[in-house]
Every structure is written in structure tokens, then in C-alpha cells.
J.: 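What follows is a structure written as C-alpha cells; I'll ask about it next.
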Protein chains: 2
Amino acid sequence: MKDPLEELGSHLKRKGLRLTEERKKLVQLILSMKGHFSPEELLKHVKTKRLPISRATIYRILPVLVSAEIIQQSLLTEGQTRFEVTWNKDHHDHLICTYCNKVIEFQHNTIEIMQREIANRYGFILEHHVMELMGRCKDCRN
Amino acid sequence: MKDPLEELGSHLKRKGLRLTEERKKLVQLILSMKGHFSPEELLKHVKTKRLPISRATIYRILPVLVSAEIIQQSLLTEGQTRFEVTWNKDHHDHLICTYCNKVIEFQHNTIEIMQREIANRYGFILEHHVMELMGRCKDCRN
DNA sequence: GTTCATGCAAAAGGTTTGCAGTCAT
DNA sequence: ATGACTGCAAACCTTTTGCATGAAC
């Protein structure tokens with residue numbers, strides 16, 4: 001498994017784009033963060049770390065990182081787009097507590113297989129999917 | 001199965017809220033529409049039918065209809081919140097064509113059962129879920 | 001040197017809100 | 001009569017964009 005910066009670099013080269021300081025710094029910051037983030041949350045981290053990256057640049061870099069398959073859009077959004085890191089991670093779905101907003105990641109191969117069957121049945125070529133289970137977690141159920 | 005207006009009326013009464021002309025008209029319009037809609041699309045329909053309901057009122061009524069369980073939020077949003085009618089309809093999930101945006105509704109009991117098992121395994125009380133399968137439909141696969 | 005990327009500030013959606021007037025109960 | 005509801009316009013938040021400057025190749 002390559003280094004994420006090399007990954008990004010070769011992706012950019014393939015597309016005739018450039019590996020700028022801003023892109024390098026932002027990828028490193030994102031990979032150092034746990035969990036999911038919105039552009040505005042990311043901006044806060046950038047400000048906290050005093051990285052010289054503007055809001056506009058963040059909004060412009062995020063789609064590049066998606067197409068480089070380092071991050072992906074994630075979760076049902078309320079107002080803000082959310083992203084999560086996919087680089088070097090297995091696919092998973094989410095359990096979300098509707099009370100404390102805790103997010104648990106899980107995998108379930110049988111469901112994945114069934115999803116492909118459903119897609120086939122309707123003549124679809126499956127590209128990706130979202131499955132999110134919402135409820136009260138064990139700390140919030142009373 | 002009651003009439004949706006009665007349903008709404010008794011829900012509103014229970015909450016000490018009022019059954020206004022705007023709410024009646026909007027429910028009827030929504031129920032006459034097929035599929036999913038955003039607030040702005042709904043506003044267009046309202047204008048087309050020359051109903052005297054303002055944008056602000058639409059945005060204020062939609063959450064009321066959600067809590068009356070006549071509609072629910074639906075689908076991954078790109079920019080706009082989307083809703084769909086749930087009143088008098090069975091639960092279903094979605095297959096979405098990433099090329100033509102066609103939406104197919106389907107049901108799959110085995111997956112529903114497995115979702116409940118997953119929730120149990122992690123100590124969650126499941127409230128609801130979203131499952132969306134994205135891919136190329138048979139008309140768009142080449 | 002060429003072309004792409006960045007920062008800034010303005011603009012562009014979508015959604016919310018304060019206020020004064022209106023209507024359901 | 002009371003308190004909820006509506007319309008309007010302004011405000012708000014997130015995201016996008018035009019333009020001049022700066023940097024990667």
C-alpha cells in the first residue's frame with residue numbers, strides 16, 4: 001500500500017494537475033483526523049493548526065481528494081456535506097445514535113451480497129451504496 | 001386507514017396546533033404528487049397551481065408534516081433537502097441511477113431482519129434506516 | 001513561460017427568522 | 001380574546017465563482 005501523498009501525486013499527474021503545498025498539507029491533516037468531517041469543521045482544524053489554506057481552497061481541494069479516492073462523501077447530511085477517509089480502509093456501513101450522534105462502523109458481507117443481487121434483478125450495475133441504521137445506542141436507550 | 005387530512009387534524013389538535021387552509025392545501029398538493037420533492041420544487045408546484053402559500057410557510061409546514069408522519073426526509077441530498085410521502089405507504093429502500101437519476105423503490109425483508117440483528121449486536125434500539133444502492137440502470141449502462 | 005492553483009471578496013443557492021398583521025379556536 | 005400562523009424581507013450558512021496574483025511543471 002503506497003503512501004497517500006504518492007497516491008495523490010500520481011493521481012494528479014495522470015490528470016495534469018499539480019501537487020501543491022496546500023494539497024499536501026490538507027491531505028496530511030485529514031489523514032490525521034479521526035472520523036467524519038464537514039468542510040467547515042476542516043477549516044476550523046486548519047485555522048487551529050495555523051495552516052495557510054483558505055476556505056475557498058478547501059472547498060476546491062475536497063472534490064480532488066474524492067476523485068483520488070482518498071476520501072468520500074459520507075452520511076446523511078443535515079445542512080453540511082460530510083466526508084470520511086477511505087484511503088487504506090475497508091468498506092463499512094454506519095450505525096448512528098439519534099441521541100448522542102455516536103457513529104459505529106460495521107461490515108456485513110451477506111447484506112453486501114444481497115445488495116448486488118437486488119441491483120442485478122433490476123438490471124443495475126452497482127457502483128456504491130449507503131446503509132445507515134439509526135437508533136438509540138446502549139448508553140442512550142432509557 | 002383514515003383520510004390524511006383527518007390524520008393531520010388530529011395530530012395538530014394533539015399538539016395544540018391549527019389546521020389552516022395553507023396546511024390543508026399543501027398536504028393535498030403533496031399527496032397528489034408522485035415521488036420525491038425538495039422544498040423549492042414544491043414551491044414551483046404551488047406557484048403553478050396558483051396556491052396562495054409563501055416560501056416561508058412551505059419551509060415551516062414541512063417539519064409539521066414530518067412529525068405527523070405524512071412525509072419523511074429521504075435520500076442523500078445534494079444541496080437540497082428531499083422529502084417523500086410515507087402516509088399509507090409501506091417502507092422501502094431505493095435504487096438510484098447515477099446517470100439518469102431514476103429512482104426505483106424496492107423491499108427486502110431478509111435485509112431488514114439482518115439490520116435489526118446488527119443493531120441488537122451493538123446494543124442499539126433501531127428506529128429507522130436508510131439504504132440506497134447507486135449504479136447504472138439498464139438504460140444507462142453502456 | 002504556460003497553465004493551473006490560490007486568496008479574497010462577492011455572489012449564489014437553500015433555509016431560517018423577526019416582525020407586523022391575520023386567522024383558527 | 002388569545003395564541004398560533006402567515007407573508008415579507010432581511011439574515012444566515014454553506015458553497016461557488018470571478019478576478020488578480022502566485023506557484024508548479
Side-chain angles (χ1 to χ4, degrees), chain A residues 5-6 8-30 36-47 49-68 70-83, chain B residues 5-6 8-30 36-47 49-68 71 73-83:
Chain A
L5 277 186
E6 285 179 40
L8 177 61
S10 60
H11 170 82
L12 292 172
K13 179 165 287 179
R14 245 176 284 129
K15 296 209 159 190
L17 304 177
R18 291 164 190 180
L19 186 53
T20 63
E21 275 312 304
E22 288 82 357
R23 288 172 180 178
K24 287 188 222 170
K25 293 256 175 58
L26 199 62
V27 167
Q28 288 173 331
L29 176 60
I30 287 172
H36 307 83
F37 61 92
S38 68
E40 294 296 319
E41 287 163 0
L42 185 53
L43 178 64
K44 268 194 209 112
H45 284 270
V46 164
K47 294 298 168 213
K49 302 230 162 178
R50 289 181 168 58
L51 301 178
I53 309 176
S54 72
R55 167 180 278 116
T57 295
I58 289 176
Y59 277 98
R60 283 190 274 232
I61 290 180
L62 287 172
V64 173
L65 301 187
V66 170
S67 78
I70 291 170
I71 60 176
Q72 73 176 187
Q73 261 190 267
S74 152
L75 292 176
L76 284 176
T77 72
E78 356 65 359
Q80 300 205 172
T81 308
R82 297 192 75 75
F83 296 88
Chain B
L5 278 185
E6 286 178 39
L8 177 60
S10 61
H11 171 83
L12 292 172
K13 179 166 286 179
R14 243 176 285 130
K15 296 209 160 191
L17 305 176
R18 290 163 188 182
L19 186 54
T20 62
E21 276 312 306
E22 288 82 358
R23 288 171 181 181
K24 286 189 221 169
K25 294 256 176 58
L26 198 63
V27 168
Q28 288 172 332
L29 176 60
I30 287 172
H36 307 82
F37 61 93
S38 67
E40 295 296 317
E41 287 163 2
L42 186 53
L43 178 64
K44 269 196 206 112
H45 284 270
V46 163
K47 294 299 168 213
K49 301 230 161 174
R50 291 180 167 58
L51 300 178
I53 309 176
S54 73
R55 167 181 279 116
T57 295
I58 288 176
Y59 277 97
R60 282 190 274 232
I61 289 179
L62 287 172
V64 174
L65 301 187
V66 170
S67 78
I71 61 176
Q73 261 189 266
S74 151
L75 294 177
L76 283 177
T77 72
E78 357 65 0
Q80 301 206 175
T81 308
R82 298 192 74 76
F83 296 89

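Each chain gets a letter, A, B and so on, in the order the sequences are listed, and its residues count up from 1.
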J.: With heavy-atom distances below 4.5 Å as the criterion, would you say the side chains of B/E41 and B/H36 are in contact?
T.: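 In short, these two side chains do not touch, never coming nearer than 4.5 Å.
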
J.: Pick out the pairs of N or O atoms, protein on one side and nucleotides 10-17 of chain D on the other, that lie under 3.5 Å.
T.:
from: D/dT14; atom 1: OP1; to: A/Q80; atom 2: OE1; distance (Å): 2.5
from: D/dT14; atom 1: O5'; to: A/Q80; atom 2: OE1; distance (Å): 3.4
from: D/dT15; atom 1: OP1; to: A/T81; atom 2: N; distance (Å): 2.9
from: D/dT15; atom 1: OP1; to: A/T81; atom 2: OG1; distance (Å): 2.8
from: D/dT15; atom 1: OP2; to: A/Y59; atom 2: OH; distance (Å): 2.5

J.: Taking five pairs at each end of the helix from C/dG1-D/dC25 to C/dT25-D/dA1, what angle separates the two helix axes (nearest 10°)?
T.: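 Its terminal axes enclose an angle near 40°.
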
J.: Between B/L5 and B/Q28, is any pair of side-chain heavy atoms under 4.5 Å apart?
T.: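 Yes, close enough: below the 4.5 Å cut-off.
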
J.: Could you give the start and end, 5' to 3', of the contact zone on DNA chain C for chain A, using atoms under 4.0 Å from its heavy atoms?
T.: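 Extent of the interface on DNA chain C: C/dT3 to C/dC8.
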
J.: Considering all heavy atoms of both residues, which atom of A/L19 and which atom of A/G9 are nearest to each other, and what is their separation?
T.: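 It is CD2-CA, 4.1 Å.
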
J.: Listed by chain and number, what are the salt bridge (charged side-chain N to carboxylate O under 4.0 Å, His left out) partners of A/K24, not counting sequence neighbours?
T.: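 By the salt bridge (charged side-chain N to carboxylate O under 4.0 Å, His left out) rule, A/K24 matches A/E21.
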
J.: Applying salt bridge (charged side-chain N to carboxylate O under 4.0 Å, His left out), name anything that partners B/R60, two or more places apart in sequence or on another chain.
T.: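 Per chain and number, B/R60 pairs via salt bridge (charged side-chain N to carboxylate O under 4.0 Å, His left out) with no residue.
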
J.: If you restrict it to nitrogen or oxygen atoms, what contacts under 3.5 Å exist between nucleotides 23-25 of chain D and the protein, and what is each distance?
T.:
from: D/dA24; atom 1: N3; to: A/R18; atom 2: NH1; distance (Å): 3.3
from: D/dC25; atom 1: OP1; to: A/L19; atom 2: N; distance (Å): 3.4

J.: Looking at side-chain heavy atoms only, is the closest gap between B/R14 and B/H11 below 4.5 Å?
T.: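 SC-SC contact between B/R14 and B/H11 confirmed.
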
J.: Please say which of B/T81, B/I30, B/L43 ends up in a side-chain contact (heavy atoms from CB on, under 4.5 Å) with B/F37.
T.: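 Per the side-chain contact (heavy atoms from CB on, under 4.5 Å) rule, the option paired with B/F37 is B/I30, out of B/T81, B/I30, B/L43.
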
J.: Counting N and O atoms only, with roles assigned by atom type, does the side chain of A/R23 sit under 3.5 Å from a partner on the main chain of A/R18, one being a donor and the other an acceptor?
T.: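 Such a contact is found between A/R23 side chain and A/R18 backbone.
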
J.: Run through B/L29, B/L26, B/T20 and flag the one making a side-chain contact (heavy atoms from CB on, under 4.5 Å) with B/I53.
T.: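 Of all the options given, the one that passes is B/L26.
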
J.: What are the two closest heavy atoms between B/S74 and B/F83, and how far apart are they?
T.: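 Looking at all heavy atoms of both residues, the closest pair is CB-C, 4.1 Å.
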
J.: With a 4.0 Å cutoff (strictly under), does any side-chain N or O of B/T57 reach OP1 or OP2 of D/dG7?
T.: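 True: B/T57 side-chain N/O within range (under 4.0 Å) of D/dG7 OP1/OP2.
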
J.: Indicate the atoms forming the closest heavy-atom contact of A/K15 with A/S67, along with that distance.
T.: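 Looking at all heavy atoms of both residues, the shortest contact is NZ-OG, 4.0 Å.
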
J.: Is it the case that atom NZ in A/K47 sees more than 12 heavy atoms from other parts of the structure closer than 6.0 Å?
T.: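 Atom NZ in A/K47 is crowded, with more than 12 foreign heavy atoms closer than 6.0 Å.
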
